[in-house]
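The structure under discussion appears below in the form of C-alpha cells.
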Number of protein chains: 2
Amino acid sequence: MNTKSEIYEQPGITVDLAIFTVNTNKLKVMLVKRAEDPFRENWSLPGGFLLHGESLQAAAYRVLREKTGVKNVYMEQLYTFGDPKRDPRSRVITVAYFALIPWKVLDQPESKKVTDLTWSSVDQLPKLAFDHKDILKYAVKRLRAKAGYSNIVYGLMPEQFRLSELQTMYEIIIDDKLDKRNFRKRMLATNLLQETGEKDITGAHRPAMLYQFKKMEIAFSN
Amino acid sequence: MNTKSEIYEQPGITVDLAIFTVNTNKLKVMLVKRAEDPFRENWSLPGGFLLHGESLQAAAYRVLREKTGVKNVYMEQLYTFGDPKRDPRSRVITVAYFALIPWKVLDQPESKKVTDLTWSSVDQLPKLAFDHKDILKYAVKRLRAKAGYSNIVYGLMPEQFRLSELQTMYEIIIDDKLDKRNFRKRMLATNLLQETGEKDITGAHRPAMLYQFKKMEIAFSN
DNA sequence: CCAAAAGTGTTATTGATACACCCATGC
DNA sequence: GCATGGGTGTATCAATAACACTTTTGG
C-alpha cells in the first residue's frame, strides 16, 4: 500500500471572510489587497491559514479581529470551497464565513490611511483573487435571503437606533422599499425591540424614539 | 521564519455523508461499521478521505456510489466540522454532505447479508464514532427545516407515487400530521406534479391516480 | 355489503398589503 | 410658518387552516 500522503490530499486550509457592513446607504464588504503571489496586488477577501490546534471558527474570529479589531459580532459558516484548481499553486481548501458589523463599531475607518484595505460596494466589485467572487456572490445571496425570514439584520445595527434607520437597513439589504407603517407594526410585533426611553435629537426635526434589541441571542435559523 | 508545515495545519480531509431514506414509515440514515481504529466496531456515517485532485463534491459522490450504487440523487453540502480534537489521532477536517435516496432505488437492500452496513431510524441511533452524532443532528434539523419551505422531499420519492404516499412522506419527515385536502390542494397548486395517467391497483381498494414530478431541477434554496 | 383508501369544497381565521394624514421640532 | 422626518389605523386581499362526506374498488 502507498503511504497515506501519496493517495490522500493534505491540503492547506484557509478561512476566508465576507465581512459586511452598511455605510452611506450601500452594502459593503471588506477587501484586502494581496501583498504576495499568487494574485499579488489583487483585491481579495480577508482570510488566513488555519493554525495548528485551531478550530475553524477560532481561525475565522482571529482573522476578523486582525482586520477589524472587533469581536462579538454576528458570524456564521457559509460554505466550503474545495475545487482542486482554485489555488493555482497548491491544493488549498477554504472554509468561508460571513460576518456582519455595524459601521459605527469600526474604529475611525476613514481616518486610517490604509491603501491595502477597502470597503467595496457589493454591486461595484473589482476583480478578485482566487474564486473569491463566487464566495462573495454566495454570501450576498445568503444574507439577502436571511434578511427576509430572520432577524439577522440586527447584526448591522448600532447599540441604539431609530426605527427608520432599521427600516433603511432592511431596504439596503433586500434592495427594495418597505412600507413604513407595516414595517413598524411587524418589527414591534416581534417583541425583540425595546424603547430606550431616549430620543435622537441629532436631526433638525421631530426627535425619534431610540430602540435597542432585547438582550438575547440572535436567532439562528440555518 | 518557520517552514509552512510547522505553523500551518495540513490536515486530512474527509467527506462524511448523512444519507437518508424512508422505509417502513421511518426516516432512516445509513450507518457503516468501522473496521479500523479509531472507533473500531463503532457505527459511523459513511465517509472517506479526499483524494488528490478530487473536488469535495466529487469525493462525496464517490462515497455515495461506493456505498449505495446510486448517483443522480439529491445531495448538498451541509457544514464543515473542524474541531481540533474531533479525531483522536490526528487533525482531520470533515466536510459533511447530506443526500436523499428513495428506498426503492436501493437495490435489494435487505437481501444482501451485510453486517457492516445498516439503515438506522434517526430517533434510535446507536453510539456513533467521532462527532458523527452532531453531524447527523444537524443534518436532520436541516432536512426537517427544508421540508417545510422547499420541495426537497421529492428526493425521497420513487418515479411514480400516489398523493397519499407523498403526504405520508412529508408527515414522516416533519413528524406531524397534515390535512389531506389542504395537502392535495397545495401540492397540485405548485404545478410541479403531473398525472401519469396510470393507476395504482396494488391496494385492495379504490385505485389511486399515480403522479410523477415534472422534469426539471429540484429547486435549491440555501 | 363491508372495509379501506381515494377523492372532493366551503368557511373561518390569520397574516400581508395598500394607503394618507397629523405631529413635533429646528430654523 | 415651513420644511423635515416621526408617528399612527383601517380596509382589503391572499394564504392558511379547519372540517365531513361520497366514491371506488376487492373480498
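By convention in this document, chain letters (A, B, ...) are assigned in the order of the sequence lines, proteins followed by strands, and residues within each chain are numbered from 1. The analysis underlying the following values was restricted to heavy atoms, covering all of them including side chains, and did not include hydrogens, waters or symmetry mates.
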Query - B:Y211 side, atom OH; B:R162 side, atom CZ - distance, nearest 0.5 Å - result: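 Interatomic distance, B:Y211 OH to B:R162 CZ, rounded to 0.5 Å: 12.5 Å.
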Query raised in the report: Counting side-chain heavy atoms from CB outward, which of D:dT4, C:dG7, D:dC19 is closest to B:D179?
Result: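 When the side chain of B:D179 is considered, D:dC19 is the closest of D:dT4, C:dG7, D:dC19.
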Query - Residue B:P207, side-chain atoms from C-beta onward, closest of D:dG7, D:dA18, D:dT25 - result: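 In terms of side-chain proximity for B:P207, the closest of D:dG7, D:dA18, D:dT25 is D:dT25.
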Report task. Could you pull out the closest heavy-atom pair between B:H132 and B:L45, with the gap in Å? Result ->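 Heavy-atom minimum between the residues: ND1-N, 3.0 Å.
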Query raised in the report: If you take all heavy atoms of A:A147 and A:I174, which pair is closest and at what distance?
Result: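 Answer, listing the atom of A:A147 first, then A:I174: CB-CG2, 3.9 Å.
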Could you tell me the separation between the [atom1] atom of [X] and the [atom2] atom of [N], rounded to a whole number of Å?
X	N	atom1	atom2	value
B:K180	D:dT23	NZ	P	14 Å
B:R206	C:dA5	CZ	C1'	9 Å
A:D176	C:dA18	CG	P	10 Å
A:K199	D:dG7	NZ	C1'	10 Å
B:E195	C:dG7	CD	C1'	12 Å
A:M209	D:dT8	CE	P	9 Å
A:I201	C:dC27	CD1	P	11 Å
B:H205	C:dA6	NE2	C1'	11 Å

Query raised in the report: Of the options A:Y154, A:F183, A:F161, which is the one that meets A:Y170 in a ring-ring contact (aromatic ring centres under 6.0 Å, His included)?
Result: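 Option passing the ring-ring contact (aromatic ring centres under 6.0 Å, His included) with A:Y170: A:F183.
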Requested in this report: May I ask you to verify whether the side chain of A:R181 and the base of C:dA20 hold a donor-acceptor pair under 3.5 Å?
Outcome: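 Answer yes: a donor N or O sits under 3.5 Å from an acceptor.
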Query raised in the report: So, does the side chain of B:K185 form a donor-acceptor pair with the base of C:dT10 at under 3.5 Å?
Result: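 Side chain to base: pair found, below 3.5 Å.
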Requested in this report: Report which part of the nucleic acid A:A208 touches: base, sugar-phosphate, or nothing (heavy-atom distance under 4.0 Å, all strands).
Outcome: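 It contacts sugar-phosphate atoms only.
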Report task. Have a look at A:R162 and say if it touches a base, only the backbone sugar-phosphate, or nothing, with a 4.0 Å heavy-atom cut-off. Result ->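 Contact class for A:R162: sugar-phosphate only.
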Query - First of A:A204 and A:L163 reached from the 5' end of DNA chain D, by closest nucleotide - result: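 Residue closer to the 5' terminus by nearest nucleotide: A:A204.
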Query raised in the report: Can you list the steps and then say if B:E159 with B:K215 is a salt bridge (charged side-chain N to carboxylate O under 4.0 Å, His left out)?
Result: CA-CA 11 Å; B:E159 192 63 24; B:K215 295 303 171 204; 3.1 Å; yes
Query raised in the report: For C:dA6, does OP1 or OP2 lie under 4.0 Å from any side-chain N or O of B:S164?
Result: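 Result: yes.
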